[in-house]
Every structure is written in structure tokens, then in C-alpha cells.
Amino acid sequence: QVQLVESGGGLVQVGGSLRLSCAASGRTSNRYTMAWFRQAPGKEREFVALITWSGATIHYADAVKGRFAISRDNAKNTVYLQMNSLKPEDTAIYYCAASYISNDDPRNYDYWGQGTQVTVSP
């Protein structure tokens, strides 16, 4: 079992920045791919970014490319999402997730955090 806890969400103005963190505990020795997803009200959960255990493979959704950056510190069992140039359409609950499979389908992710709210005001 892996427990994931997100932090760092909040209210920010358009064009601002936030850094989300996701701290893992439990079976953190397993080499999970970590990902961020988000879900806006009335919408399905969507992929944002993923990073493999080694960091050698990183993928972003087209909507966030060039603005968001995912990283991880395996010594701290933490994954980060740096979000810059935020837009109102980035408003959502952001979730981190862990999987042995490196793809953007949320059904392949075994462990999820509780989510952190990000609100971008116009």
C-alpha cells in the first residue's frame, strides 16, 4: 500500500504560479510512476503530467505543456508540480497518483491522494 498526500493548492490570480507537492508513504521502495491528474466541476478527471521513477520519461498534457513542470525527489518520496502562467481553465482539484504503468489513463493508477484545490481567478 502507498499513501499519497497532496499539498500546495490555493487561490491565485491569472498568470500566477503555484507548486504542488505529493508526499508518499508506505511501500515507497517500489518504483512507481507518479502522475498528476485534475478534475474540474462537471468534467471528467484528466491527465496533467507523469514522471517515471528514474525521471527519464516525462509526459505532459497538451494543455499544460510549456507552463507546468513535474519533478520528483525519491530520497524524500515526493513529487512536485510547478505550475506557471496559470489560467482560469486550470481551476480544478489536482490529484497525484501512483502506478507501475506509465500512461495517461487514470484507470491504470492504483493509488490516489485526496486532492488539493487550485483556483485561478480572472
Review point. Should the pair Tyr109 and Phe37 be assigned to parallel (<30°), tilted (30 to 60°) or perpendicular (>60°) ring geometry?
Key: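 It falls in the perpendicular class, over 60°.
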Which atom pair, heavy atoms only, marks the closest approach of [X] to [Y]?
X	Y	result
Val2	Ala24	CG1-CB, 4.3 Å
Gln82	Ser17	NE2-CB, 4.0 Å
Gly9	Val118	CA-CG2, 4.2 Å
Leu20	Tyr94	CD1-CB, 3.6 Å
Thr78	Ala23	OG1-CA, 4.2 Å
Val79	Met34	CG1-CE, 4.0 Å

Point to revise | Aromatic contact, Tyr100 with Tyr32 (centres under 6.0 Å) | key: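 They qualify: ring centres under 6.0 Å apart.
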Interatomic distance, [X] atom [atom1] to [Y] atom [atom2] [nearest 0.5 angstrom]:
X	Y	atom1	atom2	result
Ile58	Ser102	CD1	OG	11.5 Å
Tyr80	Cys96	OH	SG	12.0 Å
Gln117	Leu11	CD	CG	9.5 Å
Gln114	Thr116	CD	OG1	7.0 Å
Lys65	His59	NZ	NE2	9.0 Å
Asn103	Leu50	CG	CG	8.0 Å

Flag the pair [X] / [Y] as yes when at least one side-chain heavy-atom distance between them is below 4.5 Å, and no otherwise.
X	Y	result
Arg38	Val64	yes
Gln1	Gln3	yes
Trp36	Glu6	yes
Val14	Pro88	yes

Review point. Run the side-chain contact (heavy atoms from CB on, under 4.5 Å) check on Tyr95 and Leu4 step by step: do they pass?
Key: CA-CA 9 Å; Tyr95 299 89; Leu4 303 173; over 6 Å; no
Check your understanding: Salt bridge or not for Lys87 and Asp90, using N-O below 4.0 Å?
Key ->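 Salt bridge absent between Lys87 and Asp90.
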Review point. Just by modelled atom types, is the Ile51 backbone N or O under 3.5 Å from a matching donor or acceptor in the Arg72 side chain?
Key: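 Looks like yes, one N/O pair under 3.5 Å.
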Are [X] and [Y] connected, step by step, through hydrophobic side chains (Ile, Leu, Val, Met, Phe, Trp, Tyr) whose heavy atoms are closer than 4.5 Å?
X	Y	value
Ile70	Phe47	no
Val120	Val48	yes
Ile93	Phe68	no

